[in-house]
Novice: 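Here's a structure for you.
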There are 4 protein chains.
Amino acid sequence: MSGASSQPPRPRSGNRRDEAARLAVLHAADDLLAEHGFSALTIEAIARRAGVAKQTIYRWWPSKVEILLDTLIEDSRKRLPVPADNPTADSIRGYVHDFARFLGDDPAGKVLLALIAQAQHDPGTAESFHQRYLAPRRDQERDMLAHGAEDGQISPRLDPDATIDALLGPIVYRALTGSSVPGSLVDTLVDDLLRPRPN
Amino acid sequence: MSGASSQPPRPRSGNRRDEAARLAVLHAADDLLAEHGFSALTIEAIARRAGVAKQTIYRWWPSKVEILLDTLIEDSRKRLPVPADNPTADSIRGYVHDFARFLGDDPAGKVLLALIAQAQHDPGTAESFHQRYLAPRRDQERDMLAHGAEDGQISPRLDPDATIDALLGPIVYRALTGSSVPGSLVDTLVDDLLRPRPN
Amino acid sequence: MSGASSQPPRPRSGNRRDEAARLAVLHAADDLLAEHGFSALTIEAIARRAGVAKQTIYRWWPSKVEILLDTLIEDSRKRLPVPADNPTADSIRGYVHDFARFLGDDPAGKVLLALIAQAQHDPGTAESFHQRYLAPRRDQERDMLAHGAEDGQISPRLDPDATIDALLGPIVYRALTGSSVPGSLVDTLVDDLLRPRPN
Amino acid sequence: MSGASSQPPRPRSGNRRDEAARLAVLHAADDLLAEHGFSALTIEAIARRAGVAKQTIYRWWPSKVEILLDTLIEDSRKRLPVPADNPTADSIRGYVHDFARFLGDDPAGKVLLALIAQAQHDPGTAESFHQRYLAPRRDQERDMLAHGAEDGQISPRLDPDATIDALLGPIVYRALTGSSVPGSLVDTLVDDLLRPRPN
DNA sequence: AGCTAATCGAGACGGTACGTCGCGTCTTACG
DNA sequence: CGTAAGACGCGACGTACCGTCTCGATTAGCT
């Protein structure tokens, strides 16, 4: 009688939030951005493509920016993790290379660029984008640098935030202006900024 | 003096383009962007504030982006000139500092950020922005570096475009993410990138 | 026995139809109509005010019109009975006066007007309204006239349905157009229609 | 001369109100009401069927009720004129017959019923309906009775408003409840109300 | 000196998307 | 079972701007 012990895996729906609808919205938003650009990313278009009612979107997301943030956070976690355990000089250098690849080649990179852009147009977006994406990531990146420095793997010449901005800024700027990022540029940046001046 | 006695208030244009209307549109666009942000920058709002008919805007500008580009090009020419004649190490360093100030403090800096952003959302904007603003400026900046290197004022470690992106990228990225740019960061970037490795 | 002791506030229904919920719905509908008009009489508002789930309403009533019909039928039975036993000329005249008062002053009169109105907009309402309210009442009114005529109390000059429509029509029309119904009008109508032409 | 000289028939549009759009909206509203009833009479449906933008409707009419009022006023003027010049007993009787026919057979009669109904649901409609339709018509009907009485054509037994309500009320009530109005009923009402009691 | 052509303010027009409300159906968990 | 709760697909609401258009007025420059 106590029967089916702890959590029988219910294919639920109805009273609770519909997980299928949630995923359909996230994928529809991603796809629309990739296929037709940000200007085609309207709530109505997302609802249409996801086969979902507009109200279902508004019930769970205050704006299309939050939808994109949801996908970006998830994709970044999976495909652009920040080296955390005993980062080596190589793994840190690898992270910057991965960042360049993420921005340039991964569809999720386009989401990141779109959010950076939209943050310029709308203060609400800026706020959300910082709190939910930039700040947590920056914390991880700072940790990475701090641990790397503790272990003697790197010796940054600037304070942590300046170091990260100096490393990633050029990559982001190139992506924003439609240019590619050659590996040599990344290597030079890493060499310059993470090693002390030899003299 | 002979003329305008009978009709007191409005000297209507006539056959030629009305310069007053042109300026009113540019200023209205600038002001709206500064006061209420890009989302309030609609053609209807510009027309309303400029006291101009919508058609007058559409006759002379294909989109609001071109209006902003007009103001940005003019303002950049005046307030952020690229050192051209015999640039010294100091004048080049000064230009990077000026660039940071322009982005951070000058209202026209907000226009530049808005255009970078809009270029992510709309390919037409990207195209126009490159051809009318980024490319010409980049040409001047390349010249500046080339002349500086010829004269022995600087010795860039990277190719010209990479050098400029590495210098300006962090500044732009900080502006895009709402941070300030300390002078020390600029100095470090300039020192690193425009001087050869000592060893 | 397990008794209603442990749970203080809500004695949930259980297996049979919850009479308290039924009454709550009827009163909520009545109140909303009286307080905010027909346009505020939505199923969601009724459920909200009655503290009842929407599904509970849909389970027992096919539409909000049927809710109103339930209240109207009950209220009419109580507060506007048709004289049935040996109607006299006076009791018939009194009924017409009562009808005018019901439409003009009783909250239930507003329900009747709302249903007459809604019947114009929706054939389903018209059908229900006729079968459940108008036809049964008309039968009683016809009986009233027939018995009155048999007893020599009245001598209608028109056939029964025409008589009733000629008596009540002006009253309803005045109510629909927001006018009051003076007693003298009722008296004249009764005098004209229920007595034979003297000549 | 009188001919088509003065006003060359311009098929205009543009800056001024588009007469074709106005008529398309009125006809679309009429048709939708006749074909699918009031519940199908949404602004979106009218716009769709008229081939007109929603905003064009909202620009000129505050609500769908005003659209119906426009059509009703026009149709009533054309097809149910109130006898004005030297009304005779016969022309007055004819008017009441025409009124019954209008309500029963003319599509515009359905518009009138729909507006009477909607006025019960919405105070704004009631207000508009009175000021724009009922009151002006009532004025004309009062004039008709007054002139008829002056000329000795009729001798109403009730005050003018009561007379009109007593005449038209039963007709309206029958129409509202889906019944037909036999000519004999009209004749009896007219005879009763417009001639003095013989005794 | 009159005619032509272009500009300008004004604003109507057909559209698309906005964010909200209520509909009627549904599923769950509780009693 | 009936119930409270509430998510869901749907469709209309009334508003804001879009980009196009047509008006009537104004004013140069060319016959």
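Chain identifiers are assigned alphabetically (A, B, ...) following the order of the sequence lines, protein sequences preceding nucleic acid strands; residue numbering begins at 1 within each chain.
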Novice: With a 4.0 Å cut-off on N to O distance, would you call D:R49 and D:E44 a salt bridge?
Specialist: no
Novice: Between C:K64 and A:K64, which is nearer to the 5' end of DNA chain E once each is assigned its nearest nucleotide?
Specialist: A:K64
Novice: Rounded to the nearest angstrom, tell me the gap between atom CH2 in B:W61 and atom C1' in F:dG19.
Specialist: 16 Å
Novice: Could you write out each protein N or O paired with an N or O of nucleotides 14-16 of chain F at a distance under 3.5 Å?
Specialist:
residue, atom, partner, partner atom, Å
F:dG14, OP2, D:Y58, OH, 2.6
F:dG14, O5', D:Y58, OH, 3.4
F:dG14, N7, D:K54, NZ, 3.0
F:dG14, O6, D:K54, NZ, 2.7

Novice: Under the rule for salt bridge (Lys or Arg N to Asp or Glu O under 4.0 Å), what residues qualify as partners of D:R132, not counting sequence neighbours?
Specialist: D:E66, D:D70
Novice: Taking only the side-chain heavy atoms of A:R16 (C-beta and beyond), determine which of E:dA29, F:dC8, E:dG14 contains the nearest atom.
Specialist: E:dA29
Novice: Can you list, in residue-number order, the parts of residues 115-128 of chain B that come under 4.0 Å of DNA chain E, counting heavy atoms only?
Specialist: none
Novice: Can you figure out which of F:dG29, F:dG9, E:dA10 approaches the side chain of A:V52 most closely?
Specialist: F:dG9
Novice: Could you go over nucleotides 3-6 of chain E and give all protein N or O partners under 3.5 Å, atom names and distances?
Specialist:
residue, atom, partner, partner atom, Å
E:dA6, O4', B:N15, OD1, 3.3

Novice: Whole angstroms only, please: what is the NE2-P distance between A:H36 and E:dA17?
Specialist: 12 Å
Novice: With a 4.0 Å cut-off on heavy atoms, is B:R48 in touch with a base, just the backbone sugar-phosphate, or nothing at all?
Specialist: sugar-phosphate
Novice: Taking OP1 and OP2 of E:dA12, is either one under 4.0 Å from a side-chain nitrogen or oxygen of D:T56?
Specialist: no
Novice: At how many degrees, to 10°, do the end axes of the helix from E:dA1-F:dT31 to E:dG31-F:dC1 meet when each uses five pairs?
Specialist: 10°
Novice: Does any pair with a residue in residues 111-126 of chain B pass side-chain hydrogen bond (donor to acceptor under 3.5 Å, both in side chains), and if so which ones, sequence neighbours excluded?
Specialist: B:D122-B:T125
